[in-house]
Amino acid sequence: MAGHSKFKNIMHRKGAQDARKAKIFTKIGREIIVAVKASGPDVASNPRLRAAIAAGRAENMPNTRIKSAIDSALGAGNADNYKHIRYEGYAPGGVAVIVEALTDNVTRTVAEVRSYFSKCGGESGRKQFGFLHVRPCRRNNLSGGKSLGR
Amino acid sequence: MFDHVGEIIYPAAKASADDMLEAAIDAGAENVESGAESHEITCAVDDFAAVREAMVAKFGEPEKSGFVWKPNVHTSVDEETAKSVLKLIDLLEDNDDVQSVFTNFEVSDDIMERLMA
């Protein structure tokens, strides 16, 4: 595909900018919490946690943030229960979009995601893509492979 | 429209395209796309752990690895549409709950460059 690498290149640069936002740490932190809750804090036996920590390191996430995410997942007082949801929609021009989210409030997240789609002139909330008939992806097993795109 | 696959990315400097391809096939991967900047290895979701392990044993920790939705049909869009698609992606990614966003849009390089400027 001609020019494919250049597009990637630009996307990488954009990724680097985004990394400057503290938000990326929130996202990775949440992934760490879910990974620890699913399979425990031992990096050696928890590939998902290993991948999440590696992603954090790649974004220069401070070790203290990584550790505090693990601790908060183990903390007795932690009632947060993140659910993995996948949302599908169409952006303008018939561009297909898949959104994966980890949320403690599905209703809120779906409402927000929907509002972005309508703000940008896209359509969402329909179950459009054939791939839903494929077996649910592994990460989804956490939440029973729920899809809200219907 | 999308395939759910495992993806492992190494910087291009890590190995030659041929070496990477050979190692990836030995590890059980499905495909390797080597570009100027990186090697992108894709594999079936069920094989991901095994492939990743084999690649790590050979090349060390990858730059990035995880499950992605890879579009198998691309939708070409013009500049105006690309603008609103990018705006939508930004809005979605700015949301704390959202972990990742995948799309299948495709624009020409000069449009992309203008939009990113």
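So you know, we letter chains A, B, ... as the sequences are listed, proteins then strands, and number each from 1.
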Colleague: Give, for atom NZ of A:K27 and atom CD of B:Q99, the distance between the pair rounded to the nearest 0.5 Å.
Modeller: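 Taking NZ in A:K27 and CD in B:Q99, the distance rounds to 6.5 Å.
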
Colleague: Do you know which two heavy atoms are closest between B:D96 and A:K23, and how far apart they sit?
Modeller: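 Minimum heavy-atom contact is OD1-CE, 3.4 Å.
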
Colleague: Counting heavy-atom pairs under 4.5 Å to chain A, which of B:V85, B:T81, B:T103 comes out on top?
Modeller: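 The candidate making the most pairs under 4.5 Å is B:T103.
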
Colleague: For A:A96 versus B:M1, what's the shortest heavy-atom pair and its separation?
Modeller: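 Minimum heavy-atom separation between A:A96 and B:M1: CB-SD, 3.4 Å.
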
Colleague: So which heavy atom on A:P92 is nearest to which on B:S84, and how close?
Modeller: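 Residues A:P92 and B:S84, closest heavy atoms: CG-OG, 3.7 Å.
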
Colleague: For the SG atom of A:C120 and the CG atom of B:D90, what is their distance to the nearest 0.5 Å?
Modeller: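 A:C120 atom SG to B:D90 atom CG measures 9.5 Å (nearest 0.5 Å).
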
Colleague: Can you say whether A:A55 sits under 4.5 Å from chain B via the side chain, the backbone, both, or neither, judging by heavy atoms?
Modeller: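 For A:A55, neither part sits under 4.5 Å from chain B.
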
Colleague: State, to 0.1 Å, how close A:A54 and B:E61 come at their nearest heavy-atom pair, and which atoms those are.
Modeller: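 Scanning both residues, the minimum pair turns out to be CB-OE1, 4.2 Å.
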
Colleague: Non-hydrogen atoms of chain A under 4.5 Å away: do they reach the side chain of B:V98, the backbone, both or neither?
Modeller: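 Both the backbone and the side chain of B:V98 come within 4.5 Å of chain A.
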
Colleague: Side-chain donor-acceptor contacts of residues 11-20 of chain B below 3.5 Å, not counting sequence neighbours, with atom names and distances?
Modeller:
| unit_1 | atom_1 | unit_2 | atom_2 | d |
| --- | --- | --- | --- | --- |
| B:K14 | NZ | B:F59 | O | 3.3 |
| B:S16 | OG | B:D19 | N | 3.2 |
| B:S16 | OG | B:D19 | OD2 | 3.4 |

Colleague: Could you verify whether a donor N or O on one side chain and an acceptor N or O on the other, from B:N95 and A:Y116, lie under 3.5 Å apart?
Modeller: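 Note: B:N95 and A:Y116 side chains meet the donor-acceptor criterion.
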
Colleague: Report the distance from atom CD1 of A:I98 to atom NZ of B:K70, rounding to the nearest 0.5 Å.
Modeller: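 A:I98 atom CD1 to B:K70 atom NZ measures 13.0 Å (nearest 0.5 Å).
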
Colleague: Taking the side chain as everything from C-beta on, heavy atoms only, tell me whether B:R52 gets closer than 4.5 Å to A:R50.
Modeller: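 With C-beta onward as the side chain, the pair touches.
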
Colleague: Does a salt bridge link A:R108 with B:D97, judged by any charged N lying under 4.0 Å from a carboxylate O?
Modeller: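 Looking at B:D97 together with A:R108, the answer is yes, because their closest N to O distance falls below 4.0 Å.
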
Colleague: Could you tell me which non-hydrogen atom of B:K87 sits nearest to which non-hydrogen atom of A:K119, and how far apart they are?
Modeller: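 Heavy-atom minimum between the residues: NZ-O, 4.5 Å.
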
Colleague: B:D78, B:T75, B:V73: which one forms the most heavy-atom pairs within less than 4.5 Å of chain A?
Modeller: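 Of the options given, most contacts go to B:T75.
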
Colleague: Below 4.5 Å from any heavy atom of chain B, which atoms of A:R57 appear? Answer side chain, backbone, both or neither.
Modeller: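 No part of A:R57 comes within 4.5 Å of chain B.
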
